[in-house]
Amino acid sequence: MAPGPEPSYSHRPAFAPYGAKSTHQRTRPMHDIRAIRENPDRFDAALSRRGDAPVSAELLAMDEARRAKIQAAESAQAEANKAAKEVGAAKGRGDEDEFERLRKLVAEKKAEIARLNEEAKAEDAALTARLAEIPNLPADDVPDGDDEDDNVEINRWGTPREMNFAVEHFEIPAVKDAMDFETAAKMSGSRFVLMSGPVARLHRALAQFMLDIHTLENGLTEVNPPVLVRDEAMYGTDKLPKFGDDSYRTEEGMWLIPTSEVPLTYIAAGHVIDEDYLPRRYTAHSLCFRSEAGSAGRDTSGMLRQHQFEKVEMVSVTHPDESDAEQKRMLRCAEDILERLEIPYRTVVLCTGDMGFGARRTYDIEAWLPGQKAYREISSVSTTGDFQARRMNARFKPAEGGKPQFVHTLNGSGLAVGRCLIAVLENGQQDDGSVKIPAALQAYMGGRTMITADGTLA
RNA sequence: GGAGACGUGGCCGAGUGGUCGAAGGCGCUCCCCUGCUAAGGGAGUAGGCCCCUAAAGGGUCUCGAGGGUUCGAAUCCCUUCGUCUCCGCCA
């Protein structure tokens with residue numbers, strides 16, 4: 001897909017027909033307590049598949065306490081309301097004695113109601129906070145397992161090229177000078193890179209290429225979102241409260257997004273969307289920032305794991321019945337990019353123990369890196385079901401009528417640009433130290449076909 | 001940074017102490033009319049939570065959020081968050 005005259009780029013606005021809307025509301029639970037109440041064993045069984053201890057007994061006890069308090073508070077309120085109405089009537093009749101009596105009664109009730117309300121609120125908040133810490137439940141078809149060793153390969157594409165001369169991306173002669181980690185460290189520390197010349201351009205070309213495929217061929221709406229977001233957006237996409245340490249926070253209290261999944265998904269927050277406006281499909285190319293707090297010592301050389309990187313993200317907001325099919329569609333969109341770039345890959349479905357906090361099911365795509373002689377993650381495509389939607393109160397109005405229901409949200413990388421650059425460089429390296437540019441990318445590189453060993457485009 | 005305005009239901013938008021969960025419009029659903037590519041008429045249409053439940057029903061809360069005044073608040077006061085406008089500054 002060369003840049004140039006655009007074929008049908010049917011654009012639907014990202015937000016219409018629902019306008020911007022403030023969602024500053026209290027934290028909402030991620031799990032449906034009523035579902036837990038109805039089937040606590042099922043809830044615990046699902047959690048245990050993730051290796052987590054059962055919690056339903058604790059939750060139900062909290063829920064019971066909460067409901068008792070609510071009932072007490074509400075019936076007291078109902079009494080007071082009834083009396084308050086009679087106060088008005090007494091006043092109307094001119095019955096001063098009765099008026100005074102009732103007025104006093106209402107005033108006395110007031111303190112009791114306030115106390116009961118307080119207690120009910122506290123119970124409710126406690127339950128909500130507890131629920132917020134519990135991860136999503138795995139989908140039934142997700143394989144059981146403890147860690148990445150138990151992930152199941154479901155697809156493999158391409159054959160790694162024989163190359164006994166293969167080195168890692170930053171060691172390739174054509175790349176060496178253009179990927180400068182020392183200079184980056186001088187200004188920013190470790191896990192940063194300063195790219196220049198053809199490599200910087202190739203990196204940019206990759207992002208453009210991916211974005212063009214997704215918008216022109218896959219029907220996603222291009223979005224250029226903020227990369228600084230508020231607490232609510234991080235909560236809504238389950239990055240908070242548990243994973244604040246992994247992200248950067250400004251002195252003003254804004255968060256640097258760890259992925260544009262955050263702003264893209266949060267578009268739907270607080271809205272009731274018309275059913276026929278689903279699915280919503282977004283894509284964005286953005287910077288991402290991660291503190292990599294827990295990964296000291298891992299992938300320290302090269303640009304595989306950086307504090308700042310670029311990613312083309314895909315996000316879909318769907319009807320609950322459509323989300324499984326949508327996830328497969330997104331997976332294909334991501335795999336297709338690698339196929340066009342002629343990079344061998346394999347796709348795995350993550351086992352229960354390896355999935356992220358908010359995921360119901362996750363597919364990882366791992367690209368072949370000749371320099372490491374290993375498949376490494378380059379994309380992750382997850383469905384969260386209604387997990388995030390509950391959290392950010394994103395619903396749709398069923399076409400056939402009835403109450404609004406939660407939408408499903410999905411996200412996937414399509415792809416990580418920096419890691420994709422690594423894959424292109426390592427797979428394209430030649431025994432003379434040059435790098436071949438994949439045909440699909442050449443139009444984005446001024447028609448050039450390679451980076452020579454001395455680092456020039458040719 | 002200085003000054004001001006505003007924040008209402010799926011959407012838009014009235015409403016400045018009581019009869020308002022809330023006019024009107026749009027949208028949507030159902031019905032009627034119409035024989036033609038559209039229009040007209042009628043009715044209905046907020047959400048959360050709790051109880052009950054087969055269904056129905058009942059209670060409570062919600063007009064950004066929290067608190068206060070009052071017999072009574074969307075309407076008054078305070079705090080807070082957010083949005084917008086003007087000025088300043090600036091890419």
Side-chain angles (χ1 to χ4, degrees), chain A residues 13 15-38 60 62-128 131 226 228-233 235-236 252-254 266 268-278 280 317 386 389-407:
Chain A
F15 320 109
Y18 40 99
K21 175 163 237 182
S22 171
T23 58
H24 303 287
Q25 51 198 313
R26 259 190 249 107
T27 309
R28 300 174 51 84
M30 292 173 174
H31 289 286
D32 183 0
I33 186 65
R34 272 176 294 203
I36 299 171
R37 217 184 284 154
E38 275 165 30
L60 291 183
M62 294 176 83
D63 180 46
E64 209 155 305
R66 162 182 157 272
R67 286 190 292 157
K69 290 293 183 191
I70 288 174
Q71 274 187 63
E74 288 193 354
S75 60
Q77 187 63 254
E79 280 179 53
N81 286 351
K82 209 174 145 204
K85 255 179 213 166
E86 288 165 17
V87 172
K91 183 79 173 173
R93 288 199 304 274
D95 186 344
E96 284 301 322
D97 289 349
E98 181 68 355
F99 173 74
E100 277 307 321
R101 192 186 69 80
L102 287 167
R103 206 169 71 103
K104 235 177 129 188
L105 188 91
V106 172
E108 281 163 8
K109 275 267 171 200
K110 211 169 172 180
E112 186 197 345
I113 291 169
R115 180 179 56 82
L116 290 170
N117 261 328
E118 201 85 358
E119 290 173 6
K121 240 189 263 182
E123 296 284 356
D124 194 58
L127 177 62
T128 298
L131 283 170
L228 282 170
V229 300
R230 296 192 180 125
D231 288 344
E232 299 93 283
Y235 272 105
E252 293 78 13
M254 303 284 284
Y266 207 69
H271 285 301
V272 179
I273 304 166
D274 288 339
E275 181 178 335
D276 65 11
Y277 207 63
L278 299 174
R280 307 295 305 135
V317 179
D386 64 5
R390 283 179 181 282
R391 204 45 201 277
M392 63 176 77
N393 199 22
R395 296 173 295 175
F396 72 96
K397 188 118 187 156
E400 66 275 16
K403 299 269 185 188
Q405 297 175 34
F406 291 110
V407 295

Say we look at B/U75 and B/G9: how far apart would their P atoms be, to the nearest angstrom?
15 Å
For nucleotides 43-48 of chain B, print each protein N/O atom paired with a nucleotide N/O atom at under 3.5 Å, atom names and distance only.
unit_1: B/G47; atom_1: O3'; unit_2: A/R395; atom_2: NH1; d: 3.3

Quick check: on RNA chain B, is the nucleotide nearest A/I33 upstream (toward 5') of the one nearest A/S75, or the reverse? Name the residue that is more 5'.
A/I33
Using atom C1' of each nucleotide, how far apart are B/G13 and B/U8 to the nearest Å?
9 Å
For the P atoms, the ones on B/G66 and on B/U62, what distance do you get once it is rounded to whole angstrom?
8 Å
Output the rounded distance in Å from CD (A/E232) to C1' (B/A65).
11 Å
What distance, rounded to whole Å, do you find between the two C1' atoms, one in B/C6 and one in B/A14?
15 Å
Run the side-chain contact (heavy atoms from CB on, under 4.5 Å) test against A/I70 and tell me which residues pass, sequence neighbours left out.
A/R66, A/E74, A/A120
Would you tell me if any nitrogen or oxygen in the side chain of A/R66 comes within less than 4.0 Å of OP1 or OP2 on B/C50?
yes
Interatomic distance at P, B/G68 relative to B/A74, whole Å
15 Å
First locate atom CG of A/L116, then atom NZ of A/K121, and finally report the distance between them rounded to the nearest 0.5 Å.
12.5 Å
Keeping the roles fixed (side chain from A/D274, backbone from A/D276), state whether a donor-acceptor pair exists under 3.5 Å.
no
Interatomic distance, A/R390 CZ vs B/C49 C1' [rounded to whole Å]
14 Å
My understanding is that only residues two or more places apart in sequence, or in another chain, count here; which of them pass side-chain contact (heavy atoms from CB on, under 4.5 Å) with A/R395?
A/V272, A/N393, A/P404, A/F406
Can you measure A/K121 atom NZ to B/U62 atom C1' for me and round it to whole angstrom units?
12 Å
Whole-Å distance separating the CG atom of A/N393 from the P atom of B/G10:
10 Å
List for me each residue that meets side chain to side chain donor-acceptor pair (under 3.5 Å) alongside A/E38, sequence neighbours excluded, and say none if there are none.
none
Could you check how far CD of A/Q71 sits from C1' of B/C51, rounded to whole Å?
6 Å
Could you give the CD-to-P distance, from A/Q405 to B/G10, as a whole number of Å?
16 Å
Sequence neighbours excluded, which residues qualify as salt bridge (charged side-chain N to carboxylate O under 4.0 Å, His left out) partners of A/K69?
A/E119
Considering only the C1' atoms, how many Å lie between B/G17 and B/A5, rounded to the nearest integer?
23 Å
Using the P atom on both, measure B/G18 against B/C76 and round to a whole Å.
12 Å
Those residues that, when tested against A/A394, pass side-chain contact (heavy atoms from CB on, under 4.5 Å) (two or more places apart)
A/A268, A/A389, A/M392, A/V407
Counting only side-chain N and O atoms of A/R67, is one of them less than 4.0 Å from OP1 or OP2 of B/C49?
no
In whole angstrom, what separates A/N117's CG from B/U60's C1'?
9 Å
Starting at the 5' end of RNA chain B, what dot-bracket string do you get if Watson-Crick and G-U pairs under 3.5 Å are bracketed, crossing pairs use [ ], other-strand pairs use | and unpaired bases use dots?
((((((((.[[[..)..(.....]]]((((((.......))))))((((((.....)))))).[[[[[..)....]]]]])))))))....
Less than 4.5 Å apart, side chain to side chain, heavy atoms only: is that true for A/V229 and A/M254?
no
Side-chain N or O of A/Q77 versus OP1/OP2 of B/C61: is the shortest distance under 4.0 Å?
yes
Nearest-Å distance, CZ (A/R37) to C1' (B/C51)?
11 Å
Distance between the P atoms of B/U60 and B/C78, in whole angstroms?
31 Å
Can you name the side-chain contact (heavy atoms from CB on, under 4.5 Å) partners of A/P226, sequence neighbours left out?
none
Looking at side-chain heavy atoms only, is the closest gap between A/D32 and A/D386 below 4.5 Å?
no
